[in-house]
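These notes are about the structure you will find just below.
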Amino acid sequence: MLQIAFIRENKEATLAGLRKRYVADAEAIVDKVIQLDQQRRDTQKELDDVLARSNAKAKEIGALLKSGDKAAAEAAKAETAELKAISKGLDEDLTFIGQQLQNVLVTLPNLPHSSVPEGRSAEDNEVVLEHGEKPTLTADALPHWELIKKYDRDGGPFIDFELGVKITGAGFPVYKGKGARIQRALINFFLDQALAAGYLEIQPPIVINEESGFGTGQLPDKEGQMYYVKEDKLYLIPTAEVPITNLYRDVILTENDLPVKNVGYTPCFRREAGSWGAHVRGLNRLHQFDKVEIVQIRKPEESYQALEEMSQYIQSLLQKLELPYRVLRLCGGDMGFTSALTYDMEVWSAAQQRWLEVSSVSNFETYQANRLKLRYKVDGKTQLLHTLNGSALALPRILAAILENNQTPEGIRIPGVLVPYCGFDVIN
RNA sequence: AGAGGGAUGGCGGAGUGGUCGAUCGCGGCAGUCUUGAAAACUGUUGACUGUAACAGGUCCGGGGGUUCGAAUCCCUCUCCCUCUGCCA
């Protein structure tokens, strides 16, 4: 959530940011925010004054009763009725105005960083760099969903979509044999790498309450994208970002606690309506998938340096896995609601001949921290922190690229770094 | 799931209708002493809002109520603990 004080004092910058994101009626919304904020402050002032008078009166009555002057006390009591009526009315007004303000404020996305390119859609994202050689496959090369069927060894394909449909539904594959083992290998590899890079491993719950959904910005308007357990009012997490970042909700850190670097492996659940044929085939888009997520909490002045470090770290993983990749700087129109700057990492899927997004790393600046009330103390003052996170990495598309890019007539070669984790070096 | 007991500042723990935002202890911070540290002593130490700075306002798990006045009384929700039951 944007800070009201910032909007009030930087109206033009706010408008420019919102335009970059193609927010409709930005000017009208910002004017509404400023107007409601003024109204709220005026009403608050008025209420505070009435309350101050009431408080003084109550003390006066207490003193009179103590001194035994009952008649004067009764007279003073009679004067309070009016104050009470006024304060009640003002209090109701304030609640109403506050709600309206909150309702408008939550509809505003984060303001883009100055380096965010102009643009309306994914077409306009800026390619920051490309790394690695795209493998040239033979004419009979197969996409991963065919490869999975080709190496049918343990009583069915090593990733079984049909079986998943049977027990749950589409988008919930069953990993078997080498399929399950390579998943486990990837998770352990990613966690070990993060530990070596100084992250603290966290195993959070994978269902979260409404407050947590609000804290990181999934709620109120993206509830349709999450699975919901109605009886308990709990949501299945779409990413470990939600529970891990919310560990720091309503927290005031000290400088010694910083920087916070957490890593967590969790399954992730996404309802994601809509599908487009081949683009969502196989492992390309699932309702349940595994992901290792890195989260950092930083002082404002360090957060962009941290973002670059996280980007480098994620790239190092892709390099170790020998995957060709590119890094995109997302444009204003394509960036997530809560982010100020996002890099997407995409790996080259050689048989599908397309780039697959496997990571997204973002700096949210104070947008989440303001919702979370996540602060730290500097020179006796409390200040909002910056939150960042990134996938490091999401498994299914990594696996898809590994399978496709490394296919040979003899079988699918497992990248060297994974072999000790897998216990095998080829799927054949 | 049933019965009972709780929820107070970073932690422990007082406070049961009137200067209580809250005694006290620990911890933290600053100082004295010390070559330095420890110990001891002294002072200081919640958050939000508001103001140029004061002042003022709000917060004792959440919400509502009684009262001139609520941390204290009433209702309700949530969570925690103990015992009984069930259970990976």
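These numbers come from the heavy atoms of this one structure, side chains and all, not from hydrogens, waters or symmetry mates. Convention: sequence-line order gives letters A, B, ...; per-chain numbering from 1.
If you measure from atom CG of A:Leu90 to atom C1' of B:U58, you get 15 Å, rounded to the nearest angstrom. In this structure, A:Glu210 atom CD and B:G62 atom P are separated by 18 Å, rounded to whole Å. For the pair A:Glu255 CD and B:G28 C1', the computed distance is 15 Å after rounding to whole Å. For A:Leu234 and B:U78, the CG to P distance is 13 Å, given to the nearest whole Å. Remark: C1' of B:U45 and NZ of A:Lys381 are 18 Å apart, rounded to the nearest angstrom.
Comparing B:G13 with B:U32, their P atoms sit 36 Å apart, to the nearest whole Å. For the P atoms, the distance linking B:U45 with B:G10 amounts to 15 Å, nearest Å. Taking the P atom of each, B:U58 and B:U19 are spaced 15 Å apart, rounded to whole Å. B:G61 and B:A70 are spaced 15 Å apart, taking the P atom of each and rounding to whole Å. B:U84 and B:A22: their P atoms are spaced 44 Å apart (whole Å). Nucleotides B:U16 and B:C73 are separated by 9 Å at their C1' atoms, to the nearest Å. Distance noted for atom C1' between B:U67 and B:A52: 39 Å (whole Å). Between B:C48 and B:A39, the distance separating the two C1' atoms is 39 Å to the nearest Å.
The minimum heavy-atom distance linking A:Gly198 with A:Lys261 is given by the pair O-CB, 3.9 Å. Residues A:Asn110 and A:Phe364 share a closest heavy-atom pair of ND2-O, 3.1 Å.
A:Gln368 and A:Tyr248 share no side-chain donor-acceptor pair at under 3.5 Å. Using a 3.5 Å distance cut-off with no hydrogens or angles, the side chains of A:Gln193 and A:Lys320 do pair a donor with an acceptor. A donor-acceptor contact closer than 3.5 angstrom is absent between the side chains of A:Arg371 and A:Thr216. Residues A:Glu322 and A:Asn406 have side chains that never bring a donor and an acceptor to within less than 3.5 angstrom of each other.
Across all strands shown, B:C79 forms a Watson-Crick or G-U wobble pair, both distances under 3.5 Å, with B:G6. Base pairing annotation: B:C20 forms no Watson-Crick or G-U wobble pair, as no partner gives both donor-acceptor distances under 3.5 Å. Across every strand in view, B:U51 sits unpaired, with no contact that passes the Watson-Crick or G-U test at under 3.5 angstrom. A 3.5 Å limit on both hydrogen-bonding distances identifies B:U42 as the Watson-Crick or G-U partner of B:A30. B:A1 and B:U84 make up a base pair, with Watson-Crick or G-U wobble contacts both under 3.5 Å. Applying the Watson-Crick and G-U wobble criteria (two distances, each under 3.5 Å), B:U67 pairs with nothing in any strand.
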Legend entry - nucleotides 67-72 of chain B: protein proximity per nucleotide (B base, S sugar-phosphate only, - neither; heavy atom, under 4.0 Å): BBS---

Inset, instruction - For nucleotides 47-56 of chain B, just jot down a letter per nucleotide in 5' to 3' order: B, S or -, based on protein non-hydrogen atoms under 4.0 Å. - result: SS-S-----B

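No more than 12 heavy atoms of other residues, nucleotides or ligands lie within 6.0 Å of CD in A:Glu210, so this atom counts as exposed by the packing criterion.
Using a 4.5 Å heavy-atom threshold, the side chains of A:Asp91 and A:Ser87 count as separate.
Taking the ring centroids of A:Tyr304 and A:His386, they lie at or beyond the 6.0 Å cut-off.
For the pairing with A:Asp42, the side chain to side chain donor-acceptor pair (under 3.5 Å) check across A:Gln39, A:Gln38, A:Gln44 returns one residue only, A:Gln38.
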